Amino acid sequence: MPLTTEDKLEIQDLMGRFALAVDVQGPDAMRELFVDDARFVIDSFQVDVKGLNNIINWIKENSDTFPPNLNHVQSNFVIDGDGTEAKLSCISQAIQDFEGEIKHFVIGRYDETLVKTPAGWRLKVHKLNLRS
């Protein structure tokens, strides 16, 4: 069965919640976004973390290396799948507001694998492909 409009909206909302967790709420908010056996991949930084607790711990341990005051903006969503699994591709931009200066920090593409759980759609594989 193809994805419904409701599925696609829920998946897009999940990605908005991901950006909110990254920018405002902190890593513990990601517990509601990922499945327990999820993967978090950023090839350009040689990051491939497996398991929800490991993902959250990695983010906490490395958060002091992240630039301050980032705001993530996502666009150009393409979502395909069936009633149990989906693939999402979208552009992600990080805009930095620091010391009165606003600058475009980085752009990349999220390539996500999601699964539908009893609690709703959740991230199974989160992959960020950064543009050079």
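Quick caveat: nothing in here was measured; it's all calculated off a predicted structure.
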Side chain of Arg131, backbone of Val106: donor and acceptor closer than 3.5 Å? no
Arg17 atom CZ: more than 12 heavy-atom contacts under 6.0 Å: no
Do Glu10 and Leu14 make a side-chain contact, defined as non-hydrogen atoms from C-beta onward lying under 4.5 Å apart? no
To the nearest 0.5 angstrom, please state how far the CD1 atom of Ile95 sits from the CD1 atom of Ile102. 8.5 Å
With rounding to the nearest 0.5 angstrom, report the OG1 to CZ distance, Thr117 to Phe34. 13.5 Å
Here the gap from Lys124 atom NZ to Glu112 atom CD, rounded to the nearest 0.5 Å, amounts to 13.5 Å
Are the side chains of Asn69 and Glu99 in touch, meaning some heavy atoms are under 4.5 Å apart? no
Please examine the side chains of Pro67 and Phe98, heavy atoms only from C-beta on, and report whether any two atoms are closer than 4.5 Å. no
Tested for side chain to side chain contact (heavy atoms under 4.5 Å, CB included) against Leu88, the lone hit among Val78, Leu123, Ile79, Asp80 is Ile79
Roughly how far, to the nearest 0.5 Å, is the NZ atom of Lys116 from the OG1 atom of Thr84? 9.5 Å
So if I apply the side chain to side chain donor-acceptor pair (under 3.5 Å) rule between Arg39 and each of Asn54, Thr113, Asp48, which one comes out positive? Asp48
Donor-acceptor side-chain pairing of Asp111 and Asn129 below 3.5 angstrom: yes
Report yes if the side chains of Val22 and Phe66 come closer than 4.5 Å at any heavy-atom pair, otherwise no. no
I need the minimum non-hydrogen distance between Tyr110 and His72, along with the two atoms involved. OH-CD2, 3.8 Å
Under a 4.5 Å cut-off applied to non-hydrogen side-chain atoms, are Phe18 and His126 in contact? yes
Rounded to the nearest 0.5 Å, what separates atom NZ in Lys60 from atom CD1 in Ile55? 13.0 Å
